[in-house]
There are 2 protein chains.
Amino acid sequence: MRQGLDRTKVLLAAAEIAEAQGFEQLTLAALAQKLGVKVPSLYNHVKGLADLRKALALMAIDRLKSVMLEAAAGRSGEAAVLAVAEAYIRFVREHPGLYEASLRPPDPLDPEVAAHSEGVLAVVARVFESFHLAEDDLIHAIRGLRSLVHGFASIELLNGFNLGLDVDESVRRVLETYLRGLRRGDAPNAT
Amino acid sequence: MRQGLDRTKVLLAAAEIAEAQGFEQLTLAALAQKLGVKVPSLYNHVKGLADLRKALALMAIDRLKSVMLEAAAGRSGEAAVLAVAEAYIRFVREHPGLYEASLRPPDPLDPEVAAHSEGVLAVVARVFESFHLAEDDLIHAIRGLRSLVHGFASIELLNGFNLGLDVDESVRRVLETYLRGLRRGDAPNAT
DNA sequence: TTGTTTAAACTAATTATATTAGTTTTATGT
DNA sequence: ACATAAAACTAATATAATTAGTTTAAACAA
């Protein structure tokens, strides 16, 4: 039976499975069933599971970049940093399966994956522009913000925050704390 | 042929595979081969792959807690926080396979896993004691430090820091920035 | 020492997944 | 109407996990 599939439809269906059932549950078997097709037919559209996962990672990275860009639009300074960070965390909450796909491409060193990731980094760098940091300070600051946001989102994803305290409040506080530290000491401390 | 295996030997061999070849490569097939035994024989010692992964997660969490405790010994205040955070990051660098095992137990909500994780949290809480934070502030501060440290270590693990700048320097800077922010504003900002 | 018991290992079979090779079918365009 | 190319198929292979049931060897008791 002809289903009229193409690579895009396959990828969208894969994303739906990852979203609804988790990244681990995305198998070619599940995907073929969802599309009403036998497993080998998928090979007409993707080269295999690895190719599928890589494509999904690229899609996820691009979507993340989009929501970050939207959050940054029309804002500057600390407000922009906060908005971007919160958009990132919201994305992970709303699309846990996709986010996991973005973190686990078959080969993290793949140049194409790296290039798309750079795009996300560029947004962060842009948002820090108005801070007028020295080149090295800027890089350290970006690494810190990335760590904070990725770390927070990942722990939330793994159900790591067991205590009852409001998580959104934590996001705000933690970001404020980091920005406060940045504000009063972008130069390294003499130790 | 009798190999004289027991659960402990099986777990240690599993840890070695995870360390040397990565968490994903830890299969019952690889483990059986390493131990000179057929796959089904492993079922005399572990209930299956899920049980093996859970046991490995518990082992990893406990070892992480140990290195954190050692780092905290004899220190207090910010020095203790820094030492614990750096020990955490060092552990992830030296034992990436085990760390990944600690992050991906078959069921993250399993009570036993949760209990061991609490142990790690308790170390962080202890190290923050001398900061004399209000209860809520303490929880937010812990969440922030965890996010920062876990985020940094994970990104490093995924080869996410592509730029050439020294990563150890980043660790120091980022932690200092966070602590500085904490120092000058443990009460929430009026917004 | 001999015999019994138990745990450790085995063989055999089942299920699920991914992959490759080679074939049929169907839509499209000449 | 026919040729082509893409999309789907069947069949077969390989790897992994798991379960059931059997053999074997070590440990212990009579």
Side-chain angles (χ1 to χ4, degrees), chain A residues 1-59 97 100-101 103-108 110 113, chain B residues 1-59 97 100-101 103-108 110 113:
Chain A
M1 207 185 309
R2 190 144 283 215
Q3 295 290 355
L5 292 187
D6 58 17
R7 186 172 169 96
T8 302
K9 284 180 189 164
V10 170
L11 292 183
L12 289 178
E16 278 180 29
I17 292 176
E19 293 287 61
Q21 301 169 233
F23 179 73
E24 304 280 354
Q25 303 309 312
L26 172 59
T27 64
L28 294 184
L31 184 54
Q33 192 181 19
K34 183 185 177 80
L35 293 169
V37 124
K38 304 291 177 181
V39 175
S41 307
L42 296 174
Y43 283 77
N44 286 311
H45 309 290
V46 294
K47 292 196 198 87
L49 187 60
D51 178 44
L52 179 70
R53 286 183 174 164
K54 174 179 161 180
L56 211 56
L58 296 181
M59 180 194 294
E100 203 178 346
L103 295 178
R104 299 169 58 187
D107 173 15
D110 179 288
V113 171
Chain B
M1 208 186 310
R2 191 144 279 212
Q3 295 290 353
L5 293 187
D6 58 16
R7 187 173 169 97
T8 302
K9 285 180 190 165
V10 170
L11 292 183
L12 289 178
E16 277 180 30
I17 291 176
E19 293 286 60
Q21 301 169 235
F23 179 73
E24 305 279 355
Q25 304 307 312
L26 172 58
T27 64
L28 293 185
L31 184 54
Q33 193 181 17
K34 183 184 178 80
L35 292 169
V37 124
K38 304 291 178 181
V39 176
S41 306
L42 296 174
Y43 283 78
N44 286 310
H45 309 290
V46 294
K47 294 197 198 89
L49 188 60
D51 179 43
L52 179 70
R53 285 183 174 166
K54 175 179 160 181
L56 211 55
L58 296 181
M59 178 194 294
E100 201 176 349
L103 295 179
R104 300 171 56 188
D107 173 15
D110 178 288
V113 172

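Because the structure is predicted, anything quoted here is derived from the model rather than measured. Naming convention: chains lettered A, B, ... in sequence-line order (proteins, then strands); numbering from 1 in each chain.
Side-chain atoms of B:Arg2 and base atoms of C:dA9 include no donor and acceptor less than 3.5 Å apart.
Within the model, atoms CD of A:Glu16 and CG of A:Leu35 stand 9.0 Å from one another, a figure rounded to the nearest 0.5 Å.
The NZ atom of A:Lys9 sits 17 Å away from the P atom of D:dA6 (whole-angstrom rounding). Summarising the geometry, the separation between CD on B:Gln33 and P on D:dA17 is reported as 13 Å, rounded to the nearest angstrom. The CD1 atom of B:Ile17 sits 11 Å away from the P atom of D:dA16 (whole-angstrom rounding). Between A:Asp6 atom CG and D:dA5 atom C1' there is a gap of 16 Å when expressed in whole angstrom units. For A:Gln3 and D:dC9, the CD to P distance is 8 Å, given to the nearest whole Å.
Put simply, A:Ser41 has a side-chain N or O that comes within less than 4.0 Å of OP1 or OP2 on D:dC9.
B:Gln3 contributes no side-chain N or O that, together with a main-chain N or O of B:Val37, makes up a donor-acceptor pair within less than 3.5 Å. With A:Arg53 contributing its side chain and A:Pro105 its backbone, the two residues share no donor-acceptor pair below 3.5 Å. When atom types are taken as modelled, the side chain of A:Lys9 and the backbone of A:Gly4 share a donor-acceptor pair closer than 3.5 angstrom.
Of all nucleotides listed (D:dT18, D:dT10, D:dA17), D:dT18 comes nearest to the side chain of B:Val39. The side chain of A:Lys38 sits closest to D:dT10 out of C:dT11, D:dT10, C:dT19.
In terms of the side-chain hydrogen bond (donor to acceptor under 3.5 Å, both in side chains) criterion, residue partners of B:Glu24 (sequence neighbours excluded) are, by chain and number, A:Arg104, B:Arg104.
Interface residues of residues 43-56 of chain A facing DNA chain D, ordered by number: A:Asn44, A:His45; criterion, heavy-atom separation under 4.0 Å.
At a threshold of 4.5 Å between non-hydrogen side-chain atoms, the residues B:Leu52 and B:Leu31 count as touching.
Looking at heavy-atom distances under 4.0 Å, B:Thr27 makes contact with sugar-phosphate atoms alone, never a base.
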